[in-house]
Every structure is written in structure tokens, then in C-alpha cells.
Amino acid sequence: MRLTQPLPSFLASSLAHEQPQCLLRGTSPVASGMNFFLELWKTKGRIMSMIAAYYKNKSILITGATGFMGKVLMEKLLRTSPDLKVIYILMRPKAGQTLPQRMLQILSSKLFEKVKEVCPNMHEKIRPIYADLGQSDLAISKEDMQELLSCTNIIFHCAATVRFDEPLRHAVQLNVTATQQLLLMASQMPKLEVFVHISTAFSNCNLKHIDEVIYPCQVEPKKIIDSMQWLDDAIVDEITPKLIGDRPNTYTYTKALGEVVVQQESENLNIAIIRPSIVGATWQEPFPVSPAPGPQAGLHVDLLLAQTSSCPSSFSSHEMLDKGVLLAGVSLGWVDNLNGPSGLIIAAGKGLLRSVKAAPMAVADLIPVDTVVNLTLAVGWYTAVHRPQSTLIYHCTSGNLNPCNWGKMGLQIMASFEKIPYEKPFRRPNADFTTNTFTNQYWKAVSHWAPAIMYDLYLQLTGRKPRFTKLMNRLSKTLSMLEYFVNHSWEWSTSNTDMLMLELSPEDQRVFNFDIRQLNWLDYIENYVLGIKKYLLKEDMSGIPKARQQLKKLRNIHYFFNTALFLITWRLLIARSQMARNVWLFIVSFCYKFLSYFRASSTLKA
Ligand SMILES: CCCCCCCCCCCCCCCCCCCCCCCCCCCC(=O)SCCNC(=O)CCNC(=O)[C@H](O)C(C)(C)COP(=O)(O)OP(=O)(O)OC[C@H]1O[C@@H](n2cnc3c(N)ncnc32)[C@H](O)[C@@H]1OP(=O)(O)O
Ligand SMILES: NC(=O)C1=CN([C@@H]2O[C@H](COP(=O)(O)OP(=O)(O)OC[C@H]3O[C@@H](n4cnc5c(N)ncnc54)[C@H](OP(=O)(O)O)[C@@H]3O)[C@@H](O)[C@H]2O)C=CC1
């Protein structure tokens with residue numbers, strides 16, 4: 001291949017830095033030579049993404065690929081590196097589906113629509129492998145294990161239990177023991193180039209400022225793993241609060257233990273750890289990018305709604321989006337589960353959630369899932385090619401570079417419901433943050449429980465099944481689990497992430513963008529609310545005008561109900577209290593005098 005332009009400095013520096021791609025630090029290089037980089041050079045002198053090129057012909061093992069982040073990771077890998085050799089997916093059957101059926105369902109989803117264009121044979125690239133990370137040996141068959149050990153080049157370990165109420169034994173098995181087992185496997189893989197472990201920025205949420213280091217745990221993870229073998233459930237439950245200490249749940253505690261386990265194995269392996277904060281809907285990909293920043297920001301949703309209302313209602317949201325609005329550059333936040341803020345946004349949009357105990361000025365450290373995935377792939381490339389001397393930890397957070405607080409986020413969520421109302425709301429969305437525990441309890445009693453009990457009574461009286469008190473119970477549990485994170489702020493240092501950004505070529509910075517400074521929160525939140533409507537609630541955009549009508553109706557009911565309640569209370573008071581009667585007489589006589597004065601002065605003027 002003939003070069004038509006000189007090599008740019010970042011490519012030259014990559015050549016200078018090129019390192020052997022093999023498992024053990026310090027073992028002899030597997031020469032890949034200049035050809036690898038020369039392949040990146042297109043005849044027209046344009047540079048291809050080095051990260052995308054790195055994954056070419058690679059055998060990649062992903063755990064947790066059926067989860068929220070795993071799906072986006074798999075999608076981006078297939079879309080940007082369609083020439084990769086194979087993706088091994090460690091997964092379990094679920095909901096009566098076999099592994100191939102489950103995988104087929106995932107690959108046929110809207111998320112993978114773009115991949116079909118660049119990688120029509122994507123089904124052949126995916127190799128589902130049965131594994132249960134809940135079992136001590138991961139339950140991988142001998143044959144599969146042989147193949148994994150001999151072929152794997154890269155591991156992305158995303159699987160975890162992310163439940164905050166997980167019993168310690170199970171959380172340890174998934175987040176610590178399974179990680180240890182996987183590292184053991186990794187150490188027997190001769191072709192392994194990098195192991196990327198996904199942790200969480202909250203693994204050390206007991207600290208206020210968190211550096212890119214692994215903090216030691218009071219009890220050695222190996223001791224915890226051992227003790228889970230012989231302690232019975234009652235004792236484990238009893239010691240759980242003592243072990244987790246000032247962390248709020250077993251999730252953050254076991255993720256911290258998982259990191260220590262990774263560190264203990266990092267002498268022999270080429271490892272990197274990524275710590276994302278609260279992972280939210282997609283921002284830029286795989287659906288079209290956001291509109292240009294500036295005065296046009298925010299116009300896209302209006303455009304979507306304008307298009308929507310002019311489209312025949314028989315069009316599905318899909319068709320409508322694909323016909324006009326996607327072309328106009330609308331980006332929808334893709335999300336597929338209720339974790340993090342998503343469940344609460346739905347509850348607020350449906351009018352169930354009215355009060356959250358939160359510190360409005362606390363930083364809402366949300367990070368879009370596509371940003372996390374871009375960083376993950378960049379880290380995989382960098383760690384394999386540059387082979388840093390020590391295990392690098394990358395914080396994937398937004399607070400230090402582009403902070404947004406819960407107050408601003410909450411207001412924007414509520415404003416978005418005006419434009420993008422959800423269907424069949426229980427009540428008109430009207431949520432608020434309270435800082436005081438007592439006020440919060442009051443509003444929960446008045447605005448959550450009282451309407452739910454009343455509505456269930458009504459359902460029972462009309463011969464239907466009550467369901468709102470059950471729903472309120474679930475909401476209360478969710479709130480109690482999540483409130484910790486909206487009442488505290490953290491600072492995460494991001495020097496490794498900043499350093500990595502500078503190491504990327506301009507093309508890689510574009511294709512694998514993880515620069516959170518470019519995010520416009522107001523647009524992002526609006527798209528998030530819209531994405532929830534489309535992908536989670538599966539509501540049709542053509543129903544928006546009707547949903548608006550419904551909101552108007554609920555607002556009128558609200559005013560009518562409040563006025564009626566006021567009049568009845570007042571009437572009862574007047575009947576029973578002389579003081580109330582006096583106040584009432586005073587108000588009536590005042591109004592009468594005012595009206596008389598107004599009439600007299602207008603007669604004089606005439
Ligand atoms: C200046 C003043 C301004 C004022 C402005 C006012 C504006 C106010 C606006 C208010 C707007 C509201 C928006 C809220 C914003 C606040 C958001 C706060 C979010 C904080 C998130 C912090 C996350 C911390 C991140 C840590 C990061 C990580 O590393 S891990 C990933 C995150 N993990 C999770 O989120 C898991 C949490 N979930 C659980 O632990 C459990 O699911 C549970 C304990 C919550 C529930 O367990 P349970 O056994 O009861 O239920 P489960 O079996 O799981 O499910 C049963 C059914 O419930 C549904 N479900 C599950 N989760 C939720 C949920 N979060 N919300 C709603 N429903 C949920 C589930 O689907 C099941 O349904 P069925 O299948 O139908 O039975
Ligand atoms: N979401 C967030 O806000 C954040 C997430 N993280 C981290 O990111 C990673 C991915 O999280 P996310 O995608 O949101 O989580 P999800 O809950 O969506 O996905 C978890 C994945 O782990 C798999 N898994 C769980 N148990 C087992 C098991 N016994 N055997 C095999 N696989 C199992 C799940 O498989 P299955 O589909 O079969 O259940 C699923 O694929 C986790 O490590 C999490 O700690 C970090 C910070 C924030």
C-alpha cells in the first residue's frame with residue numbers, strides 16, 4: 001500500500017508504542033508489525049478508526065451481554081468492527097427461551113437495526129455459550145471451556161447483579177466469586193490480550209472524593225468467599241450490616257470486593273477497570289445524533305411532535321420516526337430496563353410518584369450508556385496496545401466535566417412530560433423534591449398512599465381487582481433503595497479518562513466519543529423521557545395528542561376536586577365554629593365593600 005500523506009503524529013506515536021499482544025506481562029511479543037497500522041491507512045489518505053481496526057479478527061468474550069450495557073456494547077462492536085472474528089456470549093436461558101432463541105430475539109430488536117446494514121451475517125459472529133455465574137464453576141461445559149481458553153483474545157466482564165436488595169451470599173457469588181473464576185479462566189488463555197472489568201463509580205460511595213485507585217476492604221474478599229461456603233443464611237443476614245459498614249447496600253459492597261479480587265490477579269494479566277456512575281439511556285448512538293447545539297437545541301422534540309400530529313394516526317411511531325423525524329436528526333434515548341432513574345421517571349410521568357426526598361443541589365451523576373460503551377472499547381484497545389505497567393482505573397462520570405444537579409434534572413423531566421405525556425396516567429404528573437424527612441413523610445401519606453387507597457377502594461366497590469396499594473408498596477421500596485444516591489454528592493477524579501481521550505486519534509474521538517462536555521442536559525433528558533415512552537412503555541407517538549387531552553381532563557378533575565374539598569371543609573367549619581363564621585362574615589363584607597366601591601368609582605368616571 002502506498003501512503004499518499006505523511007503519517008500523523010498520533011499514528012506515529014502508536015507505532016512507536018506498539019506492544020506485544022499476549023497474555024502475560026513481559027512475555028515475548030506476537031509480532032503484528034507495520035501491516036496492522038498500514039491497513040488503517042485508506043488510499044485517499046483518510047485515517048480509519050484505530051480502535052475499530054484493533055477488534056478486527058478478534059475473538060471477544062462478553063459476560064452480561066443480555067443486560068442493558070452488554071447489549072449496547074455488542075451492538076457497537078458489531079457495527080464498528082464487523083470484521084471481528086467471533087463474540088462469545090456467556091449467558092443463561094431465560095423465560096422459557098433457549099440460548100439461540102434468546103439471542104435471536106435480542107439481535108432482531110430495534111437496537112440492532114443499524115448493525116444489519118453493515119454486518120448482515122451478525123448472527124454467525126455471535127456464539128452463545130451456556131454459563132451460570134451463580135454457580136461456583138460457572139457451569140460451562142468442557143468443550144466450550146476448551147474453545148474459550150484456546151481462542152479468546154479479549155474479555156469484557158459486564159455481568160453482575162445490580163439489585164440493591166440482593167442477599168449478600170448471592171451478591172458475593174455473582175460480583176466477586178464469578179469475577180474470580182473468570183480471572184482464573186483468563187490466566188489460562190494464551191491468546192488473551194486484555195481483560196476489561198466493569199465496576200461502578202459507587203463501589204466506594206462511603207468516600208466523598210474517589211481517586212482512580214482500588215481501595216482495600218476491611219475483610220479480605222477471599223475470606224468472604226470462603227465464609228459464604230459454610231455460614232448459614234441466618235448468620236450471613238446477621239453479619240451483612242456489619243460487613244457492608246457505611247455503604248448503603250450489598251451491591252456497592254460486593255462490587256468493591258470484586259475490584260480487590262481483580263487487583264490481586266492483575267500482576268499476571270493485562271487488566272483495566274471501568275467505573276461508570278448512574279448509567280442512563282443512549283445519547284448519540286445507535287440512533288441519529290442530536291441536533292446542533294445552540295439556539296436550535298430542543299427543537300427536535302417539537303419537530304417530532306409536529307410531524308407526529310400531522311401524520312395519520314394509523315402510522316406506528318416507528319414508521320413516523322423513520323419517515324420524517326429521524327431524517328430531521330432526532331435522537332431517541334434507548335433504554336430497556338427500569339434501573340437507575342428510568343423506573344422513577346415512569347412513576348413520575350404516570351402521576352404515581354409525587355414526592356422524592358432529595359437534595360436538589362446534589363450532583364446528578366448520570367452518564368449515557370453509549371458513552372460508557374465507547375470508553376470501554378477505547379480502554380480495551382489502549383490496554384491491549386499500550387500495555388500500561390499497572391492496572392488503570394477509568395472513571396466514567398459526568399459531574400466534574402459537565403455537572404447537572406437533581407433540581408435541574410427534575411425540573412426538566414417534569415417539563416418534558418408536558419411535551420411528551422405518557423398514556424393512561426393515574427394522576428396528573430406533579431412530582432417535587434423535599435429535603436425534610438417529616439415533610440416528605442407527610443407528602444407520601446397525602447399524595448402517594450391516600451389516593452392509592454381511595455382508588456383501590458373504588459376498584460373494589462366496582463368489582464375490579466385493587467392494584468394501586470401494591471404498586472405504592474413497590475414504589476416505596478424502590479425509593480428507599482435509591483434515595484441514598486440523590487441525597488449525596490461525590491467527586492471522582494478522571495485523569496486516566498482524560499489521558500485516554502488525548503491518546504485517541506481525531507477519528508477515534510469521533511467514532512468512540514466519550515467527551516461528556518458535549519452533552520446538552522436539557523436535550524438529553526427530553527430524549528430520555530421520549531425513549532422511555534417508545535422503548536420501555538412501547539407507547540405510540542400518535543397517541544400524544546390524546547394523552548395531552550387526558551392530562552387536561554386530569555387537571556380539571558384536580559381543580560374541581562380541590563375546590564369541592566375546600567368548600568366542604570369550609571362549610572363544616574362554619575357550621576361548627578363561631579370563629580370560622582366571623583372570618584367568613586368578614587370576608588363576605590370585605591368583598592361586598594370592595595365591589596360597592598368599584599361600582600361607585602366606575603359610575604363617577606362614566
Ligand atoms: C429546586 C427544586 C426543584 C424541584 C424539581 C422537582 C422535580 C421533581 C421531579 C421528580 C422526577 C422523578 C425523577 C426521579 C429522579 C430521581 C432518580 C433517582 C435515581 C437514582 C438512581 C441511583 C442509582 C445508583 C446507581 C448505582 C449505579 C449502579 O452501579 S447499579 C445500577 C442501578 N441498579 C438499580 O437501579 C437496581 C435497583 N433495583 C433494585 O434494587 C430492585 O429492583 C428493587 C429493590 C428496587 C425492587 O425490588 P423488588 O423485588 O421489589 O422488585 P423486582 O423483582 O426487582 O421487580 C418487581 C417489579 O417491579 C418492577 N421494578 C423494578 N425496579 C423498578 C423501579 N426502579 N421502578 C419501578 N418499577 C420497578 C419490575 O419491573 C417488576 O415489575 P413486574 O415484572 O411487572 O412485576
Ligand atoms: N446500570 C447502571 O446504572 C450501572 C451499571 N454498572 C455495572 O455495569 C455492568 C452492567 O450493568 P447493567 O447492564 O446495567 O446490568 P443488567 O442487570 O442490565 O445486566 C446484568 C447482566 O448480568 C447477567 N447475569 C446476571 N446474573 C447472571 C448469572 N447468574 N449468570 C449469567 N449471567 C448473569 C444478566 O443476564 P440475564 O439477562 O440472564 O439476567 C445480564 O446480562 C454491571 O457490572 C454493573 O455493576 C455500573 C454502574 C452503573
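Atoms within a ligand are numbered from 1 in the order they appear, just like the ligands themselves. Only this structure's heavy atoms are used, side chains among them; waters, hydrogens and symmetry mates stay out.
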Taking only residues two or more places apart in sequence, or in another chain, which ones meet R517 in a salt bridge (charged side-chain N to carboxylate O under 4.0 Å, His left out)?
-> D515
Hydrogens and angles aside, do [X] and [Y] bring a side-chain donor and acceptor to less than 3.5 Å of each other?
X: T494; Y: H395; answer: no
X: E212; Y: S495; answer: yes
X: S203; Y: E259; answer: yes
X: Q284; Y: N513; answer: yes
X: Q101; Y: T98; answer: yes
X: S355; Y: D432; answer: no
X: T240; Y: D237; answer: no
X: W521; Y: N402; answer: yes

Ligand 2 and [X], any nitrogen or oxygen pair closer than 3.5 angstrom?
X: I278; value: no
X: G67; value: yes
X: V279; value: yes

Check if Y484 has a non-hydrogen atom at a distance under 4.0 Å from any atom of ligand 1.
-> no
Sub-4.0 Å heavy-atom approach of A347 to ligand 1 = no
Numbering the atoms of ligand 1 from 1, which are under 4.0 Å from a heavy atom of [X]?
X: I413; answer: 13 (C)
X: A431; answer: 6 (C), 7 (C), 8 (C), 9 (C), 10 (C)
X: L344; answer: 14 (C), 17 (C), 18 (C)
X: G410; answer: 7 (C), 9 (C)
X: V486; answer: 18 (C)

Compute the centroid of each ring, for W492 and then for F202, and state whether the two points are separated by less than 6.0 Å.
-> yes
Within the 6.0 Å centroid threshold, strictly below: Y382 and Y394 = no
Proximal atoms of ligand 2 relative to [X] (non-hydrogen, under 4.0 Å):
X: D132; answer: 28 (C), 29 (N), 30 (N)
X: Y251; answer: 6 (N), 7 (C), 44 (C), 45 (O), 46 (C)
X: I198; answer: 7 (C), 8 (O), 9 (C), 43 (O)
X: C158; answer: 9 (C), 10 (C), 42 (C), 43 (O)
X: K255; answer: 42 (C), 43 (O), 44 (C), 45 (O)
X: N337; answer: 18 (O)
X: A159; answer: 22 (O), 23 (C)
X: F68; answer: 13 (O), 14 (O), 18 (O)

Write out the residue and atom name of the closest protein heavy atom to atom 38 (O) of ligand 2, then the distance separating them to 0.1 Å.
-> R92 NE, 2.8 Å
Who's the nearest protein heavy-atom neighbour of atom 41 (O) of ligand 2, and how far?
-> T66 OG1, 2.7 Å
Taking every heavy atom of L352 against every heavy atom of F426, the minimum-distance pair comes out as CD2-CD2, 3.6 Å
Looking at T397 and S277, what are the two nearest heavy atoms and their distance?
-> CA-OG, 3.7 Å
Any side-chain heavy atom of Y528 within less than 4.5 Å of one from L366?
-> yes
For residues T282 and P368, determine if any side-chain heavy atom of one lies less than 4.5 Å from a side-chain heavy atom of the other.
-> no
Taking non-hydrogen atoms only, is [X] closer than 4.0 angstrom to ligand 1 via side chain, backbone, both or neither?
X: R163; answer: both
X: F485; answer: side chain
X: A348; answer: side chain
X: M414; answer: side chain
X: K255; answer: neither
X: L338; answer: both
X: N339; answer: both

Show your working on side-chain contact (heavy atoms from CB on, under 4.5 Å) between W490 and H209 and close with a plain yes or no.
-> CA-CA 6 Å; W490 292 268; H209 178 92; over 6 Å; no
Ligand 1 and [X], any nitrogen or oxygen pair closer than 3.5 angstrom?
X: T200; result: yes
X: Y251; result: yes
X: V356; result: no

Sorted by chain and residue number, the ring-ring contact (aromatic ring centres under 6.0 Å, His included) partners of Y442 (sequence neighbours excluded) come out as none
Heavy-atom nearest option to [atom], drawn from [options]:
atom: atom 7 (C) of ligand 2; options: A160, G70, S199, G280; value: S199
atom: atom 21 (C) of ligand 1; options: S342, S476, G340; value: G340
atom: atom 47 (C) of ligand 2; options: G134, S277, C396, A201; value: S277

Is the closest protein non-hydrogen atom to atom 75 (O) of ligand 1 under 4.0 Å?
-> no
Test side-chain contact (heavy atoms from CB on, under 4.5 Å), reference L479, set K357, K444, R474, output is K444
Positive for side-chain contact (heavy atoms from CB on, under 4.5 Å) with I271, one of L183, L392, T383, I155 = L183
Using a 4.0 Å heavy-atom threshold (strictly under), name the region of [X] that reaches ligand 2: side chain, backbone, both or neither.
X: L174; value: side chain
X: K94; value: side chain
X: V162; value: side chain

Strictly under 4.0 Å, does any heavy atom of R102 approach an atom of ligand 2?
-> yes
Touching ligand 2 at all, P276? Heavy atoms, strictly under 4.0 Å?
-> yes
May I ask you to say whether R127 pairs ionically with D144, meaning some side-chain N is under 4.0 Å from a carboxylate O?
-> yes
Charged N-O contact under 4.0 Å between E423 and K350 | no
Whether Y422 and F417 hold their rings parallel, tilted or perpendicular, with breakpoints at 30° and 60° = perpendicular
